[in-house]
Amino acid sequence: MKDLIATSIKYQQGALSILDQHQLPHQEQWLPCDSTETMIAMIKQLQIRGAPLIGIGASLLLAHLAEQGVSTTTLRTEAERLRATRPTAVNLMNCLDRMLATLDNEGPAALPRCAEQLFHEDVTLCNRIATAGAALIEDGANILTHCNTGSLATAGVGTAIGVIGAVKQQGKALHVWVDETRPLLQGGRLTTWEMDRLGVPHTLICDNMAALLMAQGKVDVILVGADRIAANGDFANKVGTYSLAVVAQYHNVPFYVVAPYTTVDANCPDGSAIPIEQRNPAEVQGVSGSFGEINWAPDNTPVYNPAFDVTPAKLVSGWILDTGVYRPEQIAAGALKNL
Ligand SMILES: CSC[C@H]1O[C@H](OP(=O)(O)O)[C@H](O)[C@@H]1O
């Protein structure tokens with residue numbers, strides 16, 4: 001496989017490495033990833049994360065195994081082990097399905113090419129999304145975003161953050177309110193890191209401050225990513241997205257979901273069919289990261305920790321995809337079934 005280099009994943013001289021997102025923003029530590037066990041642990045622990053990126057990572061790992069001479073039977077087994085790591089992000093399933101179809105039709109030797117194609121496709125999709133979305137954003141906009149959807153979540157410039165970067169590149173003035181995004185603080189740790197790299201003016205807030213900002217008229221538009229978009233336009237995204245959408249509708253703030261076509265699941269009729277990943281209680285009982293681990297809740301405190309929630313299409317102003325911006329009436333007419 002040719003060398004592939006992105007912000008948080010790289011394949012160089014036959015070796016796959018992952019930028020450990022647990023350690024960001026204070027430490028930029030690259031870790032080798034040469035086995036299924038290692039990739040599974042990294043995906044489960046969100047050392048590599050983001051719907052598009054986990055699909056790319058799993059695909060590059062399978063391609064690496066194929067280059068090591070691993071048998072077809074074993075490659076199929078490893079693909080299914082990787083599929084089970086995180087149930088919500090459909091990009092992982094789509095990438096693995098494409099890799100397995102290539103394995104069936106052309107054999108292990110074709111897997112490196114397929115993984116390269118998936119990587120470069122994601123880069124291209126991100127650029128198209130950024131262009132489509134930036135056209136919607138007015139000069140001087142105050143944008144609010146949730147979780148992390150940039151070059152740490154994709155092989156390219158990102159989805160919602162890709163739009164933000166394009167707005168900046170077009171010379172428009174902008175400011176971004178960054179939801180810290182409890183429990184794992186993807187916004188507070190990762191989006192702030194990306195805003196710094198992009199030179200985008202931003203302000204970090206706790207998630208519970210977003211409604212007040214909308215009530216004060218300080219949010220002009222909300223841009224969020226997605227982990228799975230159902231055929232009717234409902235979508236799953238980081239928990240906290242649904243409450244943002246409800247408050248946005250109450251305050252008439254435009255609310256856009258931003259994603260590549262590979263995040264659309266045409267076989268999923270609506271949001272009720274999207275599996276929601278439940279995660280470790282320790283993530284809510286405290287917090288951990290490059291600074292160590294702090295537990296503030298009493299030991300064994302009961303916890304509810306869904307990693308995602310579902311936002312109904314009726315709360316969405318528009319769907320910003322690589323194929324353009326879709327309005328509710330287009331989605332209701334079945335646009336997502338014919339991308
Ligand atoms: C373009 S990434 C989409 C999506 O993935 C993130 O989830 P996680 O950090 O758990 O991998 C978040 O929901 C983003 O919006």
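Along the sequence shown, residues carry numbers from 1. Order of listing sets the numbers, starting from 1, for every ligand and every atom in it. Owing to the predicted nature of the structure, the values given are computational and were not obtained by experimental measurement.
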Task: Over-ring placement of Lys218 relative to Trp177, 6.0 Å and 45° cut-offs - done: no
- [ ] Look at atom 9 (O) of ligand 1 and say which protein heavy atom is nearest, naming residue and atom and giving the distance to 0.1 Å.
- [x] Arg49 NE, 2.7 Å
TODO: For ligand 1, find out whether one of its N or O atoms is nearer than 3.5 Å to an N or O atom of Thr149.
DONE: no
- [ ] Identify, by atom number and element, the atoms of ligand 1 in contact range of Leu46, meaning under 4.0 Å from any of its heavy atoms.
- [x] 10 (O)
TODO: Return yes if a side-chain donor-acceptor contact under 3.5 Å exists between Glu194 and Ser151, otherwise no.
DONE: yes
Task: Proximity flag Ala307 to ligand 1, non-hydrogen atoms under 4.0 Å - done: no
- [ ] Would you indicate which of Leu53, Asp227, Thr154 comes nearest to atom 5 (O) of ligand 1 when only heavy atoms are counted?
- [x] Asp227
Task: Side chains of Arg189 and Asn148, donor plus acceptor under 3.5 Å - done: no
Open item on the list: Tell me if the OH atom of Tyr242 is crowded by more than 12 foreign heavy atoms within 6.0 Å.
Closed with: no
Task: Atom indices of ligand 1 within 4.0 angstrom of Gln186 heavy atoms, with elements - done: 8 (P), 9 (O), 10 (O)
Open item on the list: Please classify the Lys238 to ligand 1 contact at 4.0 Å (heavy-atom distances, strictly less than): side chain, backbone, both or neither.
Closed with: both
Task: Heavy atoms from other residues, nucleotides or ligands near CG of Asp104 exceed 12 (cutoff 6.0 Å) - done: yes
Open item on the list: Give me the nearest non-hydrogen protein atom to atom 12 (C) of ligand 1 as residue plus atom name, then the distance to 0.1 Å.
Closed with: Cys147 SG, 3.4 Å
- [ ] Provide the number and element of each atom of ligand 1 under 4.0 Å from a heavy atom of Gly50.
- [x] 2 (S), 5 (O), 11 (O)
TODO: Using non-hydrogen atoms of the residue, decide whether Asn148 is closer than 4.0 angstrom to ligand 1.
DONE: yes
Task: N or O pair under 3.5 Å between Arg86 and ligand 1 - done: yes
Task: From CD1 (Ile143) to CD1 (Ile161), nearest 0.5 Å - done: 10.5 Å
Open item on the list: Whether the Asp20 and Gln47 side chains hold a donor-acceptor pair (N or O, under 3.5 Å, no angle test) is what I'd like checked.
Closed with: yes
- [ ] Please identify which atoms of ligand 1 are closer than 4.0 Å to at least one heavy atom of Asn237.
- [x] 4 (C), 12 (C), 13 (O), 14 (C), 15 (O)
Task: Distance filter under 4.0 Å to Pro52 heavy atoms, resulting ligand 1 atoms - done: 1 (C), 2 (S)
Open item on the list: With rounding to the nearest 0.5 angstrom, report the OG1 to CG distance, Thr77 to Leu82.
Closed with: 11.0 Å
Task: Linked, directly or transitively: Leu31 and Leu152 (ILVMFWY side chains, under 4.5 Å) - done: no
- [ ] Within a distance under 4.0 Å of any heavy atom of Ala153, pick out the atoms of ligand 1 and give their elements.
- [x] 1 (C), 2 (S)
Task: Residues Ser290 and Gln27: side-chain donor-acceptor under 3.5 angstrom - done: no
- [ ] Number the atoms of ligand 1 from 1 as they appear, then name those within less than 4.0 Å of a heavy atom of Thr159, with their elements.
- [x] 1 (C)
Open item on the list: Looking at non-hydrogen atoms alone, which of Ala236, Gly225, Ala226 comes nearest to atom 3 (C) of ligand 1?
Closed with: Ala226
